[in-house]
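Quick note: numbers below take in every heavy atom, side chains included, and nothing from hydrogens, waters or symmetry partners. Note that this is a predicted model, so its numbers are computed, not measured. In what follows, chains carry the letters A, B, and so on, assigned in the order in which the sequence lines appear, proteins first and then strands, with residues in each chain numbered from 1.
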Amino acid sequence: MDVDTQTTTKGKEEQVEEKKGIMVILVGAPGSGKSTFCQDVMKISNRPWVRVCQDTIGNGKAGTKVQCLASAATVLKEGKCVFIDRCNLEKEQRVDFLKLGHSHGTVHAVVLDLPAKLCISRCAKRTGHEGNLQGGKAAMVVNRMLQKKELPKLTEGFNRITFCQNESEVQAAVSTYGSLSLLDSLPSGVFGQKNSESKVQLGIMKFLKKIDGPCSVANISQVSVGNKLPNENKIALHGPESGAASSGNVGGEVKDCEHTSSGNVGNEVTDCEYNLSSNVGNEAKSREGPLSCNVSDGMKDFECPLSCNVGKEVKDCEDIDMVSRGDTASSDNVPTLAFPSISTADFKFNLEKASDIIVDQVELFLQKYHNVRLVLVDLSHSSKILSLVRSKASQKKIDTSKFSTFVGDITRLYSQGGLRCNVIANAANWRLKPGGGGVNAAIYSAAGKALETATKIRAGSLMPGKALVVPLPSTSPLYSSEGITHVIHVLGPNMNPMRPNCLGSDYTKGCRVLREAYTSLFEGFGSVLGEQNKLNYESNGKQVSETKDQSELNLMKQFALTDQKGKRECVNEIEMNKKCKGPQTENESESTDLLDTNEGQITKKRIESMSKAWGAWAQALYNIAMHPEKHKNDVIDILDDVVVLHDLYPKAEKHLLVVARAAGLEQLADVRPEHLQLLRTMHNVGLKWAEKFLTENESLVFRLGYHSAPSMRQLHLHVISQDFDSNHLKNKKHWHSFTSPFFLDSLDVIEEVSKQGKATLNNDEKYLTKELRCHRCRSAHPNIPRLKSHISNCQSPFPAALLQNGRLVLPPSKQCAEKSS
DNA sequence: GTTCTAGAAC
DNA sequence: GTTCTAGAAC
């Protein structure tokens, strides 16, 4: 099966690899041209290539990742080269193929990183495509998939990565692979990645940092050789052939390196960064007008590209991407809230005052959040409020890529105006009912019954100044055709005597309430940003195999998850919400069937599941905390605010739980400054017990802390000895949940809550799946038994970070010794 | 959270 | 063949 074991006639540099088969993993959104790429190469190549396509692998129908792996393995064993034709946009989706590829030869990535618009347009035109992603849903799915895109890096194990960002680059790559004869090989390294990539990455990273996205911490541990990763790296440092197995020992931590090397690409790459229209070839539509608009300070001229006309000229101005104005990330990927002016229509709020408030609140919000977009929408070109706001925003020099105005129908922003928004605000009435007129009627009408039902289960009414976030069920047309994931109802003050609850001319109160309304609205948007990101990881972490359709299903699944987590999305609780927060009975049953998108059933589940779908097994602590007197055999101490008990499955010689008794405080994510005293009490109680144990056994060392994402309902503090000598510690997750950043030290949590208002959670799955390392000496071990064997003897001092800020509780006799060692 | 178990890894 | 992991079910 070894095909290319002979020395080739190529230069020395190129003899580095390709001794066996090549696996080329295509990376790209639906419509990026993966299948075409494979077919084009296969047409002209002398080399035996086989395309493994997940969309057709199941007897012509969509199959599974496992099937693809099996098929690819067969191909490679036969000494042929293989294309993996599936989206592979996320690192996790690539990892198994990398492993397989390396066991038979070398692995390349060809990244078809074409503009989202082009991919969507191709998908939309498809009929009967293998991936069945044609028509209207294409835009939504492609955009969502691209939001999760993680460009491949050499550190994942690729020997060679080729980035193609336009058609000519794709053709060059076709030619490169197509002309590869049986004995040829290709040099290792990263090719075609423009310098702009680093800019884009920076922008994205800045955004992700804000909401804890897939930044590269996980990659750090995988870079296991060499402390320097020079930009000019040409040789694959990281593949298994170089001995960089992920479980290898790492001497020092190596910072993740963005491979910006552009390498030799063979084809010429014109620098066309930030100019999407130059890349789309035939697909590009006329973009005259908005793109060339000047953004000047004058009110009249301040027609930013977003405020393009809709209607007749829609086609010409769709997709006026903000990248054209120098944004660091594609606007396709920027979370966007579109909102109408609140209270200025029916409620007759003074426009001058309202515009001041809008601009102030927008400015405040944008100081807190980066890489987000706010768009004020009105139907009319002659809208006074839009022009006032534009003018004032301009005076304040608010970045027009982050805040702009838009003339159009808020329910058709994407389909008519080409403006992608994932969240829209509704100027609701206090009963949260459809009807009336204006924006409220339009949104309820466009969103269908689904919005009404979804709203009803969250709240029955809304106070002026408040907002209510409602995840939009996937059954809603606004979701499927416009890509709207959430509607935020907001109610402003009424200054119209013809309407209920008129404030008359009390603009002191009116302004206060209107400010509150925008604050609530933007906070609601902020909560959606955080929640969506969290859900992404939850969904990603469990992906095993997926077809393109399954990807879409996953998006729906995220929705269902969002729905279930409705509680934390309600910015201001009212009526039903209060019910949601109430304690559950001990017998209640909860469903975790997230894929059932039947509206009626979701409604029922939402009510049942409240904030999170805690399984029946996860209720034990909650039940004990609510009724400790009924569990006297389990608890070892009952105080006013906490109960103390031994962990039923201790992961160390001593392992206690200090459980909060407050109803509704389910986990650390719920903790806010008002809980600070409780946190201190929990810490002090835990500390007291640790010290008690230390007097009995001086060899112990304790750590007190919380799990970022606990499995058991009800806030609880772990007090755990650091020997981890327990038969109940059985798997990787057990280990990492106490030794990785997933475990948050109690004192750190207290400090964060007091300074930032809440704790920063490290609840990414990546913390629980990393390689196994000793918590003292940091040595790596292949499996749990070997790790446990090691830690039973390891006497190394604890890492310095643990010795600071009281994170470790040591017997008095050891305190100085540990710190000095 | 655990238990059970198929199948991967050794 | 045995050990170990990881996913499903509870």
>> Any base atoms under 4.0 Å from A:Ile784, or only sugar-phosphate, or nothing? Heavy atoms, all strands.
In response: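 Result for A:Ile784 = sugar-phosphate.
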>> My understanding is that only residues two or more places apart in sequence, or in another chain, count here; which of them pass salt bridge (Lys or Arg N to Asp or Glu O under 4.0 Å) with A:Asp748?
In response: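 Result, salt bridge (Lys or Arg N to Asp or Glu O under 4.0 Å) vs A:Asp748: A:Arg807.
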[X]: partners by ring pair (Phe, Tyr, Trp, His ring centres under 6.0 Å), with sequence neighbours left out:
{"X": "A:His790", "answer": "A:His781"}
{"X": "A:His728", "answer": "A:Tyr649"}
{"X": "A:His736", "answer": "none"}
{"X": "A:His707", "answer": "A:His718, A:Phe738, A:Phe742"}

> Quick one: what's the B/S/- string for nucleotides 1-10 of chain B, heavy-atom cutoff under 4.0 Å, read 5' to 3'?
Replying inline: BSS-------
